[in-house]
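Numbered from 1 within each chain, the chains take letters A, B, ... in sequence-line order. Computed over heavy atoms, backbone and side chain alike; hydrogens, waters and symmetry mates excluded. Please read all numbers here as calculations on a predicted model, not as lab measurements.
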Amino acid sequence: MRAWPATVEGLILEQEELARASPPRLRPTGDPAIGGCFVCFARGKTGPGEAGDPGWAGAAVVRRGRVLASAVVTGKAGAAYEPGLLALREGPLLEAAVLELAEGPDVLLVNATGRDHPRGAGLALHLGAVLELPTVGITHRLLVAAGDWPADEHGATSAFHLGGKPVGYWLRTRRGTRPLAVHAAWRTDAEAAVALVGSILGTTRTPEPLRQARQSARTARASSL
DNA sequence: GCGACAG
DNA sequence: ATCTTGTCGC
């Protein structure tokens with residue numbers, strides 16, 4: 001088991017080590033239990049926030065569109081948000097939420113980048129290493145990678161690269177809306193990541209596991225205010 | 001002046 | 001992350 005670094009220096013060293021690791025690739029299965037996790041903070045505030053900000057983390061597991069389990073946990077942000085160091089702010093909270101799930105997922109969707117990162121180890125990849133679970137990152141924007149958007153057709157994809165290598169795919173989950181960036185993370189490469197997410201597309205822009213997790217977190221926030 | 005970097 | 005009007009579609 002790995003622990004979350006508590007300092008910038010510690011996290012940077014950990015990220016460099018995680019980027020060098022080459023854990024066994026995820027082996028696709030029939031219909032996997034797919035998890036999702038999401039963290040939100042108080043409404044009305046803007047900017048990077050600060051350490052100690054109260055946060056709500058939700059997690060859910062879905063299989064064939066059915067919610068198998070969901071959980072929510074409250075806690076405090078470990079630090080202010082800073083690009084490249086998101087793990088410091090949200091890592092422990094997300095881990096706690098996933099550990100609360102009555103039924104663990106086969107693979108986890110995380111609201112963060114994976115290999116698309118200054119040191120090749122974004123929070124989605126890091127969380128997977130800590131939880132020892134294959135992960136896929138899902139974001140609205142790229143961190144340091146680059147790649148053009150795909151056609152405005154449901155299911156359309158286009159790769160984005162970093163250092164000449166593909167680290168994920170833009171995926172149009174719904175026509176008329178901006179595509180989601182699907183990132184290679186822990187034990188997943190760009191192809192496996194986009195294949196997984198592409199296989200569970202519904203009518204909503206956000207993949208169901210992530211949607212459920214987000215809803216849980218926001219509902220918890222609403223009832224504790 | 002322009003561009004800017006997950007959440 | 002969160003702030004936002006109107007608009008479209010089920």
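A donor-acceptor pair shorter than 3.5 Å cannot be found between the side chains of A/Glu90 and A/Tyr81. A/Thr139 and A/His183 form a side-chain donor-acceptor contact under 3.5 Å, judged by distance and modelled atom types alone.
There is a path of hydrophobic side-chain contacts, each under 4.5 Å, that joins A/Leu68 to A/Leu99. Hydrophobic cluster membership differs between A/Leu143 and A/Leu85, with clusters built from Ile, Leu, Val, Met, Phe, Trp and Tyr side chains linked at under 4.5 angstrom. Placement of A/Leu210 and A/Ile34 within a single hydrophobic cluster is found when ILVMFWY residues are connected by side-chain heavy-atom separations under 4.5 Å, directly or transitively.
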Atom pairs under 3.5 Å: protein N/O with N/O of nucleotides 3-7 of chain B:
unit_1, atom_1, unit_2, atom_2, d
B/dA6, OP2, A/Tyr81, OH, 2.2
B/dA6, O5', A/Tyr81, OH, 3.4
B/dA6, N7, A/Gly84, N, 3.1
B/dA6, N6, A/Gly84, N, 3.4
B/dA6, N6, A/Gly84, O, 3.2
B/dA6, N6, A/Leu85, N, 3.3
B/dA6, N6, A/Leu86, N, 3.2
B/dA6, N1, A/Leu123, N, 3.0
B/dA6, N3, A/Thr113, N, 3.0
B/dA6, N3, A/Thr113, OG1, 3.1
B/dG7, OP1, A/His140, N, 3.1
B/dG7, O3', A/Asn111, OD1, 3.2

A/Trp4/A/His126 under ring pair (Phe, Tyr, Trp, His ring centres under 6.0 Å): CA gap, chis, key distance, verdict: CA-CA 9 Å; A/Trp4 293 100; A/His126 196 155; 4.5 Å; yes
A/Thr157/A/Trp170 under side-chain hydrogen bond (donor to acceptor under 3.5 Å, both in side chains): CA gap, chis, key distance, verdict: CA-CA 5 Å; A/Thr157 62; A/Trp170 281 113; over 6 Å; no
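Taking A/Arg141 as the reference, nothing meets the side-chain hydrogen bond (donor to acceptor under 3.5 Å, both in side chains) condition, with sequence neighbours excluded.
Geometrically, A/Arg89 engages A/Phe41 in a cation-pi contact defined by less than 6.0 Å to the ring centre and at most 45° from the axis.
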Sugar-phosphate or base contact per nucleotide [nucleotides 5-10 of chain C; S, B, -; heavy atom under 4.0 Å]: ------
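In this structure, A/Arg2 pairs ionically with A/Glu14, as a charged nitrogen and a carboxylate oxygen lie closer than 4.0 Å. Between A/Lys76 and A/Asp53, none of the side-chain N atoms (NZ, or NE/NH1/NH2) sits under 4.0 Å from a carboxylate O, so this pair counts as no salt bridge. Under 4.0 Å is where a charged nitrogen must lie from a carboxylate oxygen, and between A/Glu153 and A/Arg175 at least one such pair does. By the 4.0 Å N-to-carboxylate-O rule, A/Arg20 lies too far from A/Glu17 to be salt-bridged with it.
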Secondary structure string for DNA chain C (Watson-Crick or G-U under 3.5 angstrom, | for other-strand pairs): ..........
Per-nucleotide pairing state of DNA chain B [Watson-Crick or G-U, under 3.5 Å; [ ] pseudoknot-crossing; | other strand]: .......
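Taking atom CG of residue A/Asp53 and atom P of nucleotide C/dT2, one finds them 12 Å apart after rounding to whole Å.
Remark: A/Arg218, A/Arg221 in residues 190-223 of chain A come within less than 4.0 Å of DNA chain C through at least one heavy atom.
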